[in-house]
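A quick write-up on the structure given underneath.
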Amino acid sequence: MALEKKFDATTAEPRLYQAWEAAGCFVAGANAKPEASSYCIMIPPPNVTGVLHMGHAFNNTLQDIMMRWKRMQGFDTLWQPGTDHAGIATQMVVERKLAETQQPSRAEMGRDAFLEKVWEWKEESGGQIINQLKRLGASCDWDREAFTMSGNFPDAVIKVFVEMYNKGLIYRGKRLVNWDPHFETAISDLEVENVETPGHMWHFKYPLAGGATYTYIEKDEDGNVTLSEERDYISIATTRPETMLGDGAVAVHPSDERYASIVGKLCEIPVGPKEFRRLIPIITDEYPDKDFGSGAVKITGAHDFNDYQVAKRGGIPMFNLMDTKAAMRADGKPYAEEAAIAQAIANGTQEFDEAMIAAMNLVPEEYRGMDRFEARKKVVNDITAEGLAVMTTVVDFNEGDDGENIQRIIPYVENKPIMQPFGDRSKVVIEPLLTDQWFVDTDKIVGPALDAVRNGDVKIMPESGEKVYYNWLDNIEPWCISRQLWWGHQIPVWYGPEKISGDENLDYKGVPLRAFCAPTAEGALSLAREYYGSETDKGGARLIELHDDTSKLYGIQNSSADGSQIIRIGRDPDVLDTWFSSGLWPIGTLGWPEETDALKRYFPTSDLITGQDILFFWVARMMMMQLAVVDEIPFKTVYLHGLVRDANGKKMSKSTGNVIDPLDIIDEYGADALRFTNAAMASLGGALKLDTKRIEGYRNFVTKLWNAGTYGDFKGTFDVPHADGVPETNLPLNNWIKGEIAKTREAVDAALDTYRFNDAASTLYSFVWNTFCSQYLEFTKPVLDGDDAAAATETKATYAWAFDQCLILLHPIMPFVTEELWGAKERPKMLVHTDWPTYTAADLVDAQADADLSWTVAMIEAIRSARAQMNVPGGDFVPLVVVGMDAAATSAWDQNEALIKRFARIESLTAVDTMPKGTAALAVSGGAFGIPLDGIIDVAAEKARLEKTLGKLAKELGGLRGRLNNPKFADSAPAEVIEETKANLALREDEESKLKDALSRISELG
RNA sequence: GGGCGAUUAGCUCAGCGGUAGAGCACUUCAUUGACAUUGAAGGGGUCACAAGUUCGAUCCUUGUAUCGCCCA
């Protein structure tokens, strides 16, 4: 079969991929040797809404290289693919689509109908990334494609929740969480992006209760009084005035002398209707920074994470001011009533509990329903109008009518950058909000995850990743796992009213009090029956039912007409954080909790290849959860890589317009070129800057390989029948290339063994382009074109074999072009399942051939260099002379005379006693070689050339001699280093003397 | 503020105790022999700076400067 002149990636890639799939090449265990060890990679599941971007392309190229390599080696392989349901992202996409197509909104259609729409969307347009991965050549076992909302996976997720709940690793509580007002759900702290944003710091006066005053004294570092005045207020600085309505206290540092006299007193929140102003205590806490602002801070436990801690420590009530859209609350009793109760609490005359505080709305009527940012403006204006803003004096220079300076007194507002939290999906400002949420008690499960890495059971690469991992896990916070969404795994908890202790009465206060956690509704029912007592126990007086409207959440206590009691339990409407289910990806996709064959064979998995940006989101959580659930590590090695950036190192983003679409790249350059580029970029710890020039270069490499194929085809090497073994050879040329291939195979394996994809790629690039094409291929020409039939036959067979080895070794990185070339002759197996070679350099390197060919290559290069610099016309054949040629050189010459003559354009070699005048000298070992150029030599050019070479040599010699002359070097350096240095020196000295001779001879001419 | 990292050729990056490599770009030459998506030859670097360890430092240690990322 004759090869096409060019490789047509566009048509070949889909054809080859189909052939692999049709033959089941990627199925788990395909091509495994009997009794093979397993090798498994879990794909980092892309969002079901995802489209392939450069990061995926990079990540999956590396995984595919490992898979294909291991599969050829005969491991029992599994590359487990699948997608993630991606709670927020998917819900967002479907909601947007409903809006675009004028369908009822999510709220209008209700939970069940909406979920149906999501599933519809998923069937129609979800998972398009899967087909895009195929275009990249990803050799996943698609028969096993998983989805976090399908098959056994949801059951596994629910089971884990229930087990962790029963072990006390999951709890529910009212905590301050990051609230996304756009999606109206809690999110975890990892889903918050803190961005420095221009902001303001306002300074307000909180008047002391009852008009009390104190002497406010400020001192400098030396204790000298710089300010002393009577004040009837305490000055507070805040970036969030709208939260003042929920203040529970003002805090100062215990060592702050300025305020010591008023600690314990009450002050007034200077906002809201004057007759209902609340008084709050001035307390001490370690949190305020004396040097920041006035040193006094307002404590708003329900709206700030630092304040929350202070409020918890100090037993200060936390008043929630906002609704789920982060607008000022509009529910509850009139402000006057609420404020009175709050005042009673502050005075200590009213007891309070969490539920009571949560129900209170301390937003004055005039603010109710207002957007939080509008409310901020209004608070500032109201306080300023009342004269309670701290004022400052500014001077407008030369602005007066007569050019004089004007002094103005204005409110003191600092313009300063503040760290503003944004939702990573919604991009709106996150509001800390006090809500009931489910948490994983990470403190209890973090230990084994840390130990597994510390003791080396799991290795993270690059090593710096381990440090980052420790740092995060050592300081881990509880993980908020409930989301107020519909798309996801609904929390398997049903609520009913709590029993009053020791009594059979039920205490229903409108909030869920008793949780029943079970995998199914039936399970929850039976837990509830057990708890409340069954109907028969109560003489038929009590009936336990499921409430069907989960959005109403909670169990309801009813009494029916006959006096019997009906208790309803209702399911928690919330769903689990997507990362909770992703955290179970390894066991979940392998069929857990069933003891499946796949689980036994492939778990724990081998390598995890993923982006360092999800080390915390995913890797750490998989570690914690797998260890918590099945007490085993999920994988042995984690390979972390960076973000793919553009050629200038900029993050690719739509708004910058620098996004490179991998599918466009595949269309233009072919998947192999993209894959090779990815491999070449993948140095451990390096930045990933993608330059299309580089892709173009590797596309050229694909062409180079193809052309080496067409050369072979042209010379008949594809007529040589396929053979698995290494061919027997006699010609030095063929002996030599076998050794070179063995060295390359070892280098590639060593590189892939240590995940140095870039080393593997550059080894192969350099071998194929330089050694194979520029040298070996060229050197076969005289033989294949020559008269020695036996030599030609041997060389044809060797070329065929050697080229096959190139295809095999390149296949993991460039599967398409290699499979296509492989298929150009009859083969026992497709390349994808061809055995990876195990020959070694020790087996195949022929020392003599190696030395001879190296010398030959050096000789050709030296002659070409001299010719080019001496301006000897390229086509001319010139004579070569030598003085004192040694045995090694003679042997090498004899073996490879034809090659040197052909490729360096030499007509003859003559041994002479002395160099003829006007000879261009060659820096080659084994004798003083020269090209006689009498008459045509450019004396000046030759002198310059020799001097330059001598200069370089002198520098090198200086270093070598310096070392050897240093007695300490001889004492301390290892023997082989000394030997090597000595040998090197001798060689260089010999070269130098020959060149010096040449220089003096040429000088005679000039 | 805490943590992690980077600084090597014009550009993008490898390397790593024995004074430096690749690709691209650049210069010169080559055009019927697998390949112009090419071939041949060549220029270009006190490896950020300073001190230390060492026989020897681009590499190890410490410090400085600049830049990046993550977490507050």
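So you know, we letter chains A, B, ... as the sequences are listed, proteins then strands, and number each from 1.
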Which residues satisfy the side chain to side chain contact (heavy atoms under 4.5 Å, CB included) test with [X], sequence neighbours excluded?
{"X": "D749(A)", "value": "W69(A), Q73(A), R745(A), W836(A)"}
{"X": "K312(A)", "value": "Y308(A), Q309(A), M318(A)"}
{"X": "D787(A)", "value": "none"}
{"X": "P44(A)", "value": "N59(A), Q63(A), T610(A), W618(A)"}

Test of understanding: with side-chain hydrogen bond (donor to acceptor under 3.5 Å, both in side chains), list the residues that count as partners of [X], not counting sequence neighbours.
{"X": "R240(A)", "answer": "E242(A), E431(A)"}
{"X": "Q612(A)", "answer": "none"}
{"X": "D664(A)", "answer": "none"}
{"X": "R675(A)", "answer": "D64(A)"}

(message) For E193(A), is there any backbone N or O sitting under 3.5 Å from a side-chain donor or acceptor partner on D424(A)?
(response)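 Checking the backbone N and O of E193(A) against the side chain of D424(A), no donor-acceptor pair under 3.5 Å is found.
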
(request) Check if the side chain of K467(A) and the base of C4(B) share a donor-acceptor pair of N or O atoms closer than 3.5 Å. (result)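 Flag unset: no donor-acceptor pair detected.
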
(message) With a 4.0 Å cutoff (strictly under), does any side-chain N or O of R756(A) reach OP1 or OP2 of G15(B)?
(response)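 Affirmative; the distance criterion is met.
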
(request) Compare side-chain N and O positions of S766(A) against OP1 and OP2 of A22(B) and report whether any pair is under 4.0 Å apart. (result)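 Indeed not, no polar side-chain atom of S766(A) lies that close.
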
(request) Would you indicate what T710(A) reaches in the nucleic acid, counting non-hydrogen atoms under 4.0 angstrom: base, sugar-phosphate, or nothing? (result)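 Answer is sugar-phosphate: T710(A) comes under 4.0 Å of backbone atoms only.
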
(request) Describe the nucleic acid contact of D971(A) in one word from base, sugar-phosphate, nothing, applying a heavy-atom distance below 4.0 Å. (result)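 Here D971(A) touches no strand at all.
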
Among the nucleotides [options], which one has an atom lying closest to any side-chain atom of [X]?
{"X": "K968(A)", "options": "C55(B), A41(B), A14(B)", "answer": "C55(B)"}
{"X": "R864(A)", "options": "C55(B), A34(B), A40(B)", "answer": "A40(B)"}
{"X": "Q869(A)", "options": "G42(B), A34(B), U37(B)", "answer": "G42(B)"}

Under 3.5 Å, which N/O atoms of the protein pair with N/O atoms of nucleotides 68-72 of chain B?
unit_1: A72(B); atom_1: OP2; unit_2: N194(A); atom_2: ND2; d: 3.4

(request) Write out the stems for RNA chain B, ordered by first number and formatted as range with range, counting runs of at least 3 consecutive Watson-Crick or G-U wobble pairs under 3.5 Å. (result)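 Paired runs of 3+ in RNA chain B: B:1-7 with B:65-71, B:10-13 with B:21-24, B:26-30 with B:38-42, B:48-52 with B:60-64.
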
Donor-acceptor pairs under 3.5 angstrom involving side-chain atoms of residues 968-975 of chain A: please list them, not counting sequence neighbours.
unit_1: S972(A); atom_1: OG; unit_2: K968(A); atom_2: O; d: 2.6

(message) Within the 4.0 Å limit for protein heavy atoms, which parts of nucleotides 23-33 of chain B are touched? Write it as a string from 5' to 3', B for base, S for sugar-phosphate only, - for none.
(response) -S--------S

(message) With a 4.5 Å cut-off on side-chain heavy atoms, are F903(A) and P782(A) touching?
(response)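 The answer is yes; the side chains approach within 4.5 Å.
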
